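Within every chain, numbering begins at 1; the chains are lettered A, B, ... in the order of the sequence lines, protein sequences first and strands thereafter. Computation of the quantities below employed the complete heavy-atom set of this structure, encompassing side-chain atoms and omitting hydrogens, waters and symmetry-equivalent molecules. It should be emphasised that the depicted structure is a prediction, and the values quoted were computed from it without experimental measurement.
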Amino acid sequence: MRFIPGSGYFHLPRSLNDKLQTTNLKLSYLCPMSIVSTVQQCTIESLSALFNQSFTEKDFQVNQTKPEFEGDYTVVMFSLVKALKLSPDAIGTQLGDHLVKNYPQYFSAYNIIKGFLNLSVADAYWLDLLQKNHNDICYGKKALNGKKVMVEYSSPNTNKPLHLGHLRNNFLGWSVAEILKANGYEVIKSCIVNDRGIHICKSMIAWQQFANGATPQSTGIKGDHFVGDYYVKFNDAYKAEVDKLVSGGMDKAVAEKEAPIMKATQQMLLDWEAGKPEVIELWKKMNSWVYEGFDVTYKRIGTDFDKMYYESDTYLLGKNIVQQGMDKKVFFQKEDGSIWIDLTADGLDEKIVQRKDGTSVYITQDIGLALQKYEQYGIDQSIYVIGNEQNYHMKVLQLICRKLGMPNADNIHHLSYGMVELTTGKMKSREGTVVDADDLVDEMVATAKQHTEELGKVKDFSETELAELYDTLGLGAMKFYLLRVDPKKTMVFNPQDSIDFHGFTGPFIQYTHARIKSILRKVDGSSIMDNSKTAMNHDPSTMNLMPLEKELIIAAEQYPLMLEQACAEQNPSVIANYIFQLAKTFNSFYTEHSIANAESEAKKQLRLQLAIFTANIIQSGMQLLGIRVPERM
RNA sequence: GGUCCGGUAGCUCAGUUGGAUAGAGCAUCAGCCUUCUAAGCUGAGGGUCAUUGGUUCGAAUCCAAUCCGGAUCACCA
């Protein structure tokens with residue numbers, strides 16, 4: 001899963017070069033290799049020349065040099081000591097000499113401190129990199145690789161509106177899909193809607209009993225919230241009925257089954273499965289209300305899908321698979337007729353795959369849908385963005401698929417993300433502590449409005465421009481807040497932190513972008529084009545990079561690697577952390593050095609290129625997180 | 001109880017294919033706007049990397065045990 005550096009065009013083995021002639025992968029090799037890979041390759045070649053021994057990039061470590069030492073990248077000597085039978089410093093001296101002598105285009109100097117070989121990368125290398133890439137809006141992205149991936153995410157229930165937990169799922173799924181695209185994969189974003197079942201019937205029954213024909217239109221309530229309200233009403237009524245039965249002397253467990261509203265709900269589920277027209281009609285009507293509401297929310301938060309699956313269509317899938325499993329003796333039948341799989345040998349339990357009444361359970365549907373996805377799209381990988389509470393379920397799903405010998409079994413991947421908790425603990429719908437998605441978006445946008453008005457920098461904006469800016473900032477803050485944390489970890493949602501627009505936040509990065517754009521507006525665009533090459537080429541003496549200039553190029557150089565790492569780990573937080581680091585570096589640079597009024601024309605062109613490079617990467621990286629960046633703010 | 005995941009600064013999080021004195025943001029304190037947007041920059045304080053032992057030139061990172069927290073182990077989805 002981890003990214004392995006070293007796949008650039010530099011010194012490709014002959015066989016691989018030959019391969020490139022005949023495959024469509026050619027383009028992905030056209031991007032220049034990273035400086036880390038360059039250091040590795042040069043080190044390998046130097047070691048071979050010096051000591052006549054062959055090493056691979058795994059035999060030694062290349063790190064970025066710590067700021068307190070002179071140099072840019074560091075080769076750690078210790079792991080070579082055994083093979084070469086020399087002291088770390090002796091190896092370092094020979095290697096450093098050889099590298100600087102034989103690769104002057106890459107290395108300008110070296111020093112050795114306690115077994116660490118610190119290499120200074122030649123300014124010419126950085127300048128070349130800057131000139132070649134600063135204007136490339138596709139910098140770091142890869143050409144199509146012919147692989148197809150499906151990312152299933154969001155997966156809402158049609159009985160209640162989206163909440164904070166769904167937001168993490170939506171942002172994560174969307175972002176991972178975009179990151180995969182940027183790395184050359186063809187991606188199908190899909191969504192399975194849980195639109196049937198007992199929980200859906202609960203809100204239907206409650207509406208029948210309490211609504212008196214009210215609709216979202218008649219009440220002015222957004223459709224998903226409207227239906228969600230009846231789901232709550234069901235639970236209130238149900239609890240009241242159970243309490244009444246219990247106080248009448250009934251056992252609680254019995255009361256929970258005997259409560260009239262629950263019995264009515266169960267009957268409704270049977271009627272639904274039997275296709276009873278008035279139940280189907282009500283179901284369609286209420287679901288359509290929910291979808292109207294979801295559409296508004298999805299559009300607002302920027303979620304989209306290429307393929308929708310509905311559980312009402314897929315819940316019967318997998319039935320024939322049960323029969324196949326019986327034939328293959330993967331499943332077995334118990335005396336009561338129910339069908340199971342024994343996973344105890346794999347450290348799990350027995351798992352039911354078909355009820356005694358012949359109906360299929362959740363996991364069976366999932367097996368069927370997994371196969372359908374594969375057959376419909378021929379996908380190479382199938383990613384499920386699902387909370388870690390379902391780790392066990394997904395493990396079982398994959399295991400069953402394997403045992404059934406399904407061709408797609410190994411392509412299933414559970415992108416398991418952690419729950420979002422509140423500072424007060426977990427969200428609990430029963431205690432009313434669930435943070436509603438629509439409310440949260442409104443609050444973030446309102447906060448953006450308030451901050452913007454306080455600062456008063458965009459007083460000339462039109463109403464439309466202002467509304468767009470508030471959306472950009474509010475949603476940017478929210479998405480960044482949820483995506484900056486490693487997906488697999490449980491995270492805490494702190495309302496105060498989430499509406500902070502300073503520091504490690506989306507608006508901080510957006511602000512950096514707006515500042516750059518402000519400079520670029522002030523500098524005549526044509527002068528950039530006309531003067532850049534001539535000025536910079538004619539004045540090499542002023543081209544000695546200052547520390548912050550170099551630091552910024554070094555950071556920018558790492559973007560392609562970050563994209564690969566984010567893809568390999570399916571982890572947008574890699575990009576969030578990186579872009580923040582880049583923006584921070586730019587802000588230090590910005591404070592220290594003037595761009596428009598630089599010391600010389602050459603420096604001005606250099607810094608303009610740096611600013612453009614930074615803005616392009618910020619824009620590109622933020623786009624992969626689903627965050628827009630403003631021209632002004 | 002079985003399985004899995006986690007424990008790093010007051011708070012929220014980086015850092016984990018083993019590398020130099022463990023980093024950010026928030027909060028606290030001290031500075032910086034007649035010069036490209038101060039939603040910014042600079043600096044200070046703040047750590048038993050849960051605990052103990054092991055592996056080795058070197059451990060927050062790998063291994064073992066323990067403590068603490070969470071998830072899961074439904075004829076629910």
Which part of the nucleic acid, if any, lies within reach of [X] when heavy atoms closer than 4.0 Å are counted: base, sugar-phosphate only, or nothing?
X	value
A:H513	nothing
A:F508	sugar-phosphate
A:E389	sugar-phosphate
A:L348	nothing
A:T452	base
A:V485	sugar-phosphate
A:S594	base
A:E421	nothing
A:D366	nothing
A:D486	sugar-phosphate

[atom1] atoms of [N] and [M], separation to the nearest Å:
N	M	atom1	value
B:rG7	B:rU12	P	13 Å
B:rC5	B:rG23	C1'	24 Å
B:rU8	B:rA24	C1'	13 Å
B:rA22	B:rU16	P	16 Å
B:rG18	B:rG58	C1'	8 Å
B:rA50	B:rA9	P	8 Å
B:rC49	B:rC13	C1'	14 Å
B:rC63	B:rG6	P	11 Å

Give a yes/no on whether any side-chain N or O of [X] is located under 4.0 angstrom from OP1 or OP2 of [N].
X	N	answer
A:R484	B:rC26	no
A:R355	B:rA74	no
A:K489	B:rG6	no
A:S588	B:rU42	yes

For the side chain of [X], starting at C-beta, report the closest nucleotide among [options].
X	options	result
A:F504	B:rG25, B:rU72, B:rU3	B:rG25
A:T74	B:rC36, B:rU42, B:rA20	B:rA20
A:Y392	B:rU12, B:rC73, B:rU37	B:rC73
A:K584	B:rA24, B:rC76, B:rG40	B:rA24
A:Y590	B:rU72, B:rA20, B:rU37	B:rU37
A:F116	B:rA20, B:rA14, B:rC76	B:rA20
A:F78	B:rC76, B:rA24, B:rG19	B:rG19
A:Y362	B:rC41, B:rA77, B:rG19	B:rA77
A:N194	B:rA77, B:rG40, B:rG19	B:rA77
A:H502	B:rG40, B:rA14, B:rG19	B:rG40

Between [X] and [Y]: side-chain donor-acceptor atoms closer than 3.5 Å:
X	Y	value
A:T447	A:E443	no
A:S588	A:T591	no
A:Q565	A:E569	yes
A:Y417	A:N169	yes
A:Q64	A:Q558	yes

- [ ] I would like to know whether A:D460 and A:R632 meet salt bridge (Lys or Arg N to Asp or Glu O under 4.0 Å); could you show each step before the answer?
- [x] CA-CA 11 Å; A:D460 57 322; A:R632 287 180 59 193; 3.0 Å; yes
Task: Separation of atom CG in A:L80 from atom P in B:rG58, rounded to whole Å - done: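 Rounded to whole Å, this separation is 18 Å.
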Task: For atom NZ of A:K257 and atom C1' of B:rC76, their distance in whole Å - done: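 These atoms are roughly 13 Å apart.
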Task: Anti/syn call for B:rC68, syn if |chi| within 90° - done: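 B:rC68: anti glycosidic orientation.
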TODO: Would you state whether a donor and an acceptor, one from the side chain of A:N159 and one from the base of B:rA77, lie under 3.5 Å apart?
DONE: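 Side chain to base: no pair present.
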Open item on the list: Pairs counted only when both distances fall under 3.5 Å, Watson-Crick or G-U: show me the 5' to 3' dot-bracket for RNA chain B, [ ] for pseudoknotted crossings and | for other-strand partners.
Closed with: ((((((((.[[[[.)...(...]]]].(((((.......))))).....[[[[[..)....]]]]])))))))....
- [ ] Tell me whether A:F580 is stacked on the nucleobase of B:rA24, counting only the six-membered base ring and applying the 5.5 Å and 30° thresholds.
- [x]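 A:F580 ring does not meet the centre or angle cut-off for B:rA24; no stack.
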